[in-house]
2 protein chains.
Amino acid sequence: MKLADLYMFLKPDIKKIESELERAVEADHPVLREASLHLLHSGGKRIRPVFVLLSAKFGHYEIDRVKYIAAALELIHMASLVHDDVIDDADLRRGSKTIKARWDNRVAMYTGDYIFAKAIEKASFFENETIHRVISNAMMEMCLGEIEQIRDQYNWDQNFKTYLRRIKRKTALLIAVSCQLGAISAGASRKDQNRLYYYGYNVGMSYQIIDDILDFTGTEKELGKPAGGDLKQGNVTLPALYAMHHDPFCREEINRIIGANGDEPGDISPLLDMINRSGGIEYSKTLSRQYLEKAFRSLDELEDISAKKSLLDIASYIGSRSS
Amino acid sequence: MKLADLYMFLKPDIKKIESELERAVEADHPVLREASLHLLHSGGKRIRPVFVLLSAKFGHYEIDRVKYIAAALELIHMASLVHDDVIDDADLRRGSKTIKARWDNRVAMYTGDYIFAKAIEKASFFENETIHRVISNAMMEMCLGEIEQIRDQYNWDQNFKTYLRRIKRKTALLIAVSCQLGAISAGASRKDQNRLYYYGYNVGMSYQIIDDILDFTGTEKELGKPAGGDLKQGNVTLPALYAMHHDPFCREEINRIIGANGDEPGDISPLLDMINRSGGIEYSKTLSRQYLEKAFRSLDELEDISAKKSLLDIASYIGSRSS
């Protein structure tokens, strides 16, 4: 069972959004076009557009309207991916490539900016203050999330609240907003808008926690990189947070082996064992499941249409994800 | 005579925009707030808000509506300044500061993103498709301009057209759009919207050409940096472009002394002399004056209100600018 099988009936509409996205990045500029098309074809799951479309089914669904919102949200997601890649460690560490890296980085930054602006242009199809306010607010929160993540990197003394706020801003909010705006753009009832928002929020929280678990439990083959990458880069996620809170020795060891920004971390495999033994993985799984259950409950009062079944299926799929 | 004296009567309204801007960057986040407030208080001339307000005078001027557009445009300008500063040469050259620089750069990038998003939020006061489309289009063009500037750096074989397109995107467009949106937001006639757009475009082109001249003719004291900085960084501006087109030896010499990205440029003072002797400065001054005259003419058909006199005065001021 693949994710895309859960919303087969949306296939023609997803295609429309794909071509909307293609048009969006077909800028009359070779460098930008190349960068954008590469990103577009590197093939995300288009999960945000799917949430937009499914949520719009609870109102008056018109693909030729709702597609602009779906494209806008996917473009915001793409732009944030581009900016996440700017100035990454790898480039700067290969000393001789710095100049190329710098060139690439500046271009990447402006490419991201361009895609952000394009998202706004797509959304301008709607003369609706709320839509623009929700989008700009989500973008701001995402930026705050990134700035927080940078600030909190290598900070081994965080609490659960900062973690949860960070993953909300980093992941859950844009999914919540995808659902909410799908509903708003189709004129769904205010109550349904809120229900769908909370569904998206809870699905997003659950999804990100699972992602953070997998970074510890996945094999190198599944992850495409060695396990523990988050920790090694100083990003504190739930399993490590739990371990450090329940075992002060674990915090000391993390500090000793990974240390601070700029240190060359030692072998982290003893840390991964320690976190595995701490119960942090189980705790994280429980929390993820709780969010998922809230996601299911958020849908309780929604009308029983096929889109509801798809939303439930997607949530289940996310909950069962193991890579 | 200072620039601000030319629109004294706007002072209370400019104050309103200042507090709008203050509120905009008072994010509930220490790092971001510090960065944004620093930028805000580093004191630009708020020339874009002034153009918005003056242009709005040709419609039904309501400061409590038009202030959102003025703030949005100033925020876009601020965000672009933040992004322009990201990954600048100086940081990367001081090898030992790379990690700090990298941290700062990422924060700067997201701070810029945040301010962009805030601009959109301000503009969302208006439920008007055109306004959002004009803003997002201006942002996209600005990004293209930056990407072009990067691509064309150290390219000593450019033509005048690429230069003019670059300064349009880099400077003139946002001024043009400030005038246009001031007019639109106040419900001025379509004809007046266009006249004001062209006024802003021509003023902006003239302004940037003068800026590019001053980089050659200004003293280190006036510029706050040695003359010829653009050339040294591989940015080809009009005086150098003219010199290279009229004297192939000049192109060879620039290539020899400055070379390509990553080279350590030699002493550029012979190049500055050569460009001064080439007539490139006079040519640039003439072109700047021609744009200014077009700016004046764009206002011909506008009603004779005091805002029109201010717009004429500002254009004259820009034309007489020598530092």
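All heavy atoms count here, side chains included; hydrogens, waters and symmetry mates do not. Chain letters run A, B, ... following the sequence lines, proteins first and then strands; every chain starts at 1. A quick note: this is a predicted structure, and the numbers were derived from the prediction, not measured.
Closest non-hydrogen pair, A:D113 versus B:D113, comes out as OD1-OD1, 3.6 Å. Pairing each heavy atom of A:R106 with each of B:I150, the nearest pair is CB-CD1, 3.5 Å. Shown here for A:V107 and B:I147, the closest heavy-atom pair between the two residues is O-CD1, 4.4 Å. Nearest heavy atom pair, residue A:S136 against residue B:A117, reads CB-O, 3.3 Å.
Between A:I135 and B:I120 there is no side-chain heavy-atom pair separated by less than 4.5 Å. For the pair B:H132/A:E121, no side-chain contact is recorded, criterion being any heavy-atom separation below 4.5 Å from C-beta on.
Using a 30° and 60° split on the angle between ring planes, B:H83 and A:H83 fall in the perpendicular class, above 60°.
Note on residues 164-184 of chain B: no pairs pass ring-ring contact (aromatic ring centres under 6.0 Å, His included), not counting sequence neighbours. The list of ring-ring contact (aromatic ring centres under 6.0 Å, His included) pairs with a residue in residues 158-182 of chain B, not counting sequence neighbours, reads B:F160-B:H245, B:F160-B:Y283.
Without hydrogens or angle criteria, A:E127 side chain to B:N128 main chain gives no donor-acceptor distance under 3.5 Å.
Once rounded to the nearest 0.5 Å, the distance linking CZ of A:R133 with OG of B:S124 reads 4.0 Å. Here the straight-line distance linking atom CE of B:M140 with atom OH of A:Y114 works out to 5.5 Å at 0.5 Å rounding. Rounded to the nearest 0.5 Å, atoms NZ (B:K118) and SG (A:C143) are 11.5 Å apart.
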